[in-house]
Amino acid sequence: MHAFCSCSKMSHEPQEIVRFSYVFFSYQYVCKGVLSRNLISDSSIYLLFYRKSDTQDGYEDIQWNRSSESHPPWLRFHLGITRWELYPHQDPNMELLVQHLATHRIVSAVQKSGGTQLKLVMSFPNYGQALFKPKKQERDEESNYNLYYFSDFERHNAEIAAFHLDRILGYRRIPPVVGRLVNVIKEIKDVTTDRKLARTFFTSPVGNVCFYGQCSYYCSTEHAVCGHPRDLEASLAVMLPDLSLATRRSWRSPWRRSYSRSKLASWETDPDYCETIKKTPPYDKGTRLVDFMDMVILDFLMSNMDRHHYETFEKFGNDTFLLHLDNGRGFGRHSKDEPSILAPLTQCCRIRHSTWLRLRLLSLPQYHISDVMRASLSQDPLHKVAPLLSEPHLTALSRRLKTVLETVSHCQEQRRNDGSGQNVIYDDLAHLKWSTKE
């Protein structure tokens with residue numbers, strides 16, 4: 001991220017954090033890179049995949065070949081996915097990909113099957129696709145306190161903000177997301193082939209064009225999404241490779257909520273719950289447990305209570321990163337923190353070293369998480385309409401970061417006092433230290 005510069009500015013800060021800020025950004029995954037094969041290694045598979053679509057109206061003739069210079073930005077993104085991350089820290093393709101999502105002509109819009117709320121798949125002339133989530137509520141509007149977490153709205157600005165926060169934390173496990181003003185008539189109604197979606201369009205009493213689609217929640221005239229009068233704010237997230245090209249495995253979260261108004265989950269009543277999980281595959285070896293803690297920290301910072309499952313790419317087995325998908329229920333409340341989201345960290349007392357140092361870096365005055373987030377979000381096209389996160393949400397980020405740091409410090413103190421000898425910090429920086437000596 002542009003907000004992180006050279007460590008020379010930080011010479012007065014703790015030496016460990018200074019050294020980390022240099023090593024992390026310069027050498028991250030250098031040694032792992034030897035083992036890191038790409039998810040999809042040959043672009044020719046896409047030529048076969050899209051051959052049947054080559055004559056469809058609105059689509060361009062396929063001009064790309066094996067040369068990466070001929071590839072559209074979405075294809076470069078797909079081919080760049082590795083065992084460890086969706087895209088590299090300094091990705092030369094990112095700016096072009098984001099611009100593509102924000103400006104390219106939309107040639108098709110159909111409703112995405114599955115899920116509980118309205119979402120569309122938008123297609124571009126060069127065969128790229130994006131997941132569309134519309135604006136449901138105003139930026140400064142908090143979630144209704146009387147709603148259960150599983151009844152909350154999915155917010156377009158939460159999807160955008162989650163992508164930026166994921167990058168700031170150094171994870172790079174959320175597909176790129178950008179905000180866009182979409183013309184409801186020209187870019188959805190006029191190009192859709194989805195008859196069920198087309199039947200839900202109507203004009204409101206004040207002349208705004210609205211639609212509601214078909215889904216489990218909030219798909220009715222009472223909960224329609226409307227343009228002003230035709231322009232509608234939305235998030236567009238680049239689609240991952242088709243499941244026929246790169247299968248994904250869905251994992252039930254061990255700390256999944258009960259999704260019941262009356263029942264509690266096992267982790268809410270069993271103080272030794274984590275001890276059982278740590279003996280259960282795939283959490284009993286490798287980095288899966290600390291990978292999960294990374295996701296927990298992300299969810300706590302944005303107050304996302306809806307992480308019931310997560311996914312991984314099957315090609316990489318269990319030794320790979322977790323995809324942080326579906327973040328629309330984050331950033332719903334800024335006035336209240338939800339400590340139960342941190343239960344896995346509190347119960348397991350385990351965190352990777354690079355994450356611990358990154359969090360400490362983001363607590364420093366010159367790299368404060370709220371300032372970095374504000375600067376990052378200002379680059380999104382929808383910032384011109386209004387800031388994507390209100391100031392109270394940015395303040396909440398700082399407050400929650402402090403809570404995470406205090407939780408880890410408490411874990412360390414607890415381990416020292418009980419004499420268990422168990423390490424709180426998982427050392428994932430050994431390969432970085434080794435690479436700097438080369």
Side-chain angles (χ1 to χ4, degrees), residues 101-102 111-112 114-122 130-168 174-182 184 210-213 215-220 222-228 231-238 295 298-308 324-338 341 370 373-374 376-378 380-397 400:
L101 291 171
Q111 192 159 334
K112 187 179 187 299
T116 58
Q117 299 189 35
L118 177 67
K119 53 182 74 73
L120 307 179
V121 176
M122 316 296 262
L131 184 65
F132 165 103
K133 290 190 178 182
K135 177 182 178 181
K136 286 289 187 70
Q137 63 185 61
E138 299 300 324
R139 308 273 205 279
D140 56 354
E141 186 178 352
E142 283 199 283
S143 296
N144 189 330
Y145 282 90
N146 292 312
L147 288 180
Y148 284 91
Y149 50 87
F150 48 81
S151 300
D152 193 11
F153 284 125
E154 291 185 357
R155 288 164 286 275
H156 74 301
N157 62 316
E159 293 286 359
I160 300 166
F163 163 63
H164 285 259
L165 181 58
D166 180 82
R167 289 184 74 188
I168 289 169
I174 294 179
V177 186
V178 68
R180 176 167 174 163
L181 278 176
V182 174
V184 174
C210 308
F211 67 100
Y212 52 88
C215 61
S216 304
Y217 292 97
Y218 307 124
C219 282
S220 64
E222 294 81 7
H223 298 101
V225 294
C226 300
H228 297 280
D231 288 339
L232 173 65
E233 285 188 32
S235 65
L236 269 73
V238 64
M295 187 168 60
L298 172 72
D299 284 338
F300 178 73
L301 291 175
M302 61 184 183
S303 196
N304 177 23
M305 300 174 66
D306 193 36
R307 189 72 68 185
H308 44 83
H324 299 166
L325 305 177
D326 202 8
N327 303 289
R329 283 183 170 145
F331 296 104
R333 295 176 185 168
H334 52 70
S335 57
K336 180 181 182 297
D337 300 340
E338 183 50 58
I341 301 174
S370 58
M373 191 69 167
R374 186 186 298 107
S376 184
L377 288 173
S378 70
D380 188 89
L382 283 185
H383 178 77
K384 296 178 182 178
V385 179
L388 284 155
L389 286 183
S390 63
E391 284 300 316
H393 276 297
L394 295 173
T395 300
L397 268 179
R400 292 165 186 161

Quiz item: After noting the C-alpha distance and the side-chain angles of Ser303 and Lys336, does the key distance pass the side chain to side chain contact (heavy atoms under 4.5 Å, CB included) rule?
Solution: CA-CA 9 Å; Ser303 196; Lys336 180 181 182 297; over 6 Å; no
Exercise. With side chain to side chain contact (heavy atoms under 4.5 Å, CB included) as the test, would you mind laying out the steps for Phe163 and Ile168 before giving the verdict?
Key: CA-CA 9 Å; Phe163 163 63; Ile168 289 169; over 6 Å; no
Checking [X] side chain against [Y] main chain: does a donor-acceptor pair fall under 3.5 Å?
{"X": "Asp380", "Y": "Gly179", "result": "yes"}
{"X": "Arg180", "Y": "Leu101", "result": "yes"}
{"X": "Gln117", "Y": "Glu154", "result": "yes"}

Nearest 0.5 Å, please: how far is [atom2] in [Y] from [atom1] in [X]?
{"X": "Leu298", "Y": "Ile341", "atom1": "CG", "atom2": "CD1", "result": "10.0 Å"}
{"X": "Leu382", "Y": "Ile160", "atom1": "CG", "atom2": "CD1", "result": "5.0 Å"}
{"X": "Gln111", "Y": "Cys215", "atom1": "CD", "atom2": "SG", "result": "6.5 Å"}
{"X": "Ile174", "Y": "His324", "atom1": "CD1", "atom2": "NE2", "result": "7.0 Å"}
{"X": "Asn157", "Y": "Ser390", "atom1": "CG", "atom2": "OG", "result": "8.5 Å"}
{"X": "Leu118", "Y": "Ser216", "atom1": "CG", "atom2": "OG", "result": "11.5 Å"}

Side chains of [X] and [Y]: closer than 4.5 Å at any heavy-atom pair?
{"X": "Met302", "Y": "Asn327", "result": "yes"}
{"X": "Gln137", "Y": "His156", "result": "no"}
{"X": "Ser376", "Y": "Leu165", "result": "no"}
{"X": "Phe132", "Y": "Val182", "result": "yes"}
{"X": "Arg374", "Y": "Glu391", "result": "yes"}

Practice problem: Show the numbers, then the answer: is there a side chain to side chain donor-acceptor pair (under 3.5 Å) between Ser378 and His383? | Solution: CA-CA 5 Å; Ser378 70; His383 178 77; 5.2 Å; no
Which atom of [X] lies closest to which atom of [Y], heavy atoms considered:
{"X": "Pro381", "Y": "Val178", "answer": "CD-CG2, 3.5 Å"}
{"X": "Ser235", "Y": "Glu159", "answer": "OG-CB, 3.8 Å"}
{"X": "Leu301", "Y": "Arg400", "answer": "O-NH1, 3.1 Å"}
{"X": "Ala161", "Y": "Phe331", "answer": "CB-CE1, 3.6 Å"}
{"X": "Cys219", "Y": "Gly213", "answer": "CB-O, 3.7 Å"}
{"X": "Gly328", "Y": "Ala158", "answer": "O-CB, 3.6 Å"}

Quiz item: side chain to side chain donor-acceptor pair (under 3.5 Å) between Ser335 and Glu142: does it pass, once the steps are laid out?
Solution: CA-CA 8 Å; Ser335 57; Glu142 283 199 283; 3.0 Å; yes
Practice problem: Step by step, work out the side chain to side chain contact (heavy atoms under 4.5 Å, CB included) result for Val225 and Tyr212. | Solution: CA-CA 6 Å; Val225 294; Tyr212 52 88; over 6 Å; no
salt_bridge([X], [Y]) N-O dist < 4.0 Å:
{"X": "Asp326", "Y": "Lys133", "answer": "yes"}
{"X": "Glu141", "Y": "Arg139", "answer": "no"}
{"X": "Glu233", "Y": "Arg155", "answer": "no"}

Self-check item: Parallel, tilted or perpendicular, as decided by the 30° and 60° cut-offs, for the rings of Phe153 and Tyr218
Solution: tilted
Quiz item: Stepwise, does the side chain to side chain contact (heavy atoms under 4.5 Å, CB included) test hold for Met373 with His164?
Solution: CA-CA 7 Å; Met373 191 69 167; His164 285 259; 4.2 Å; yes
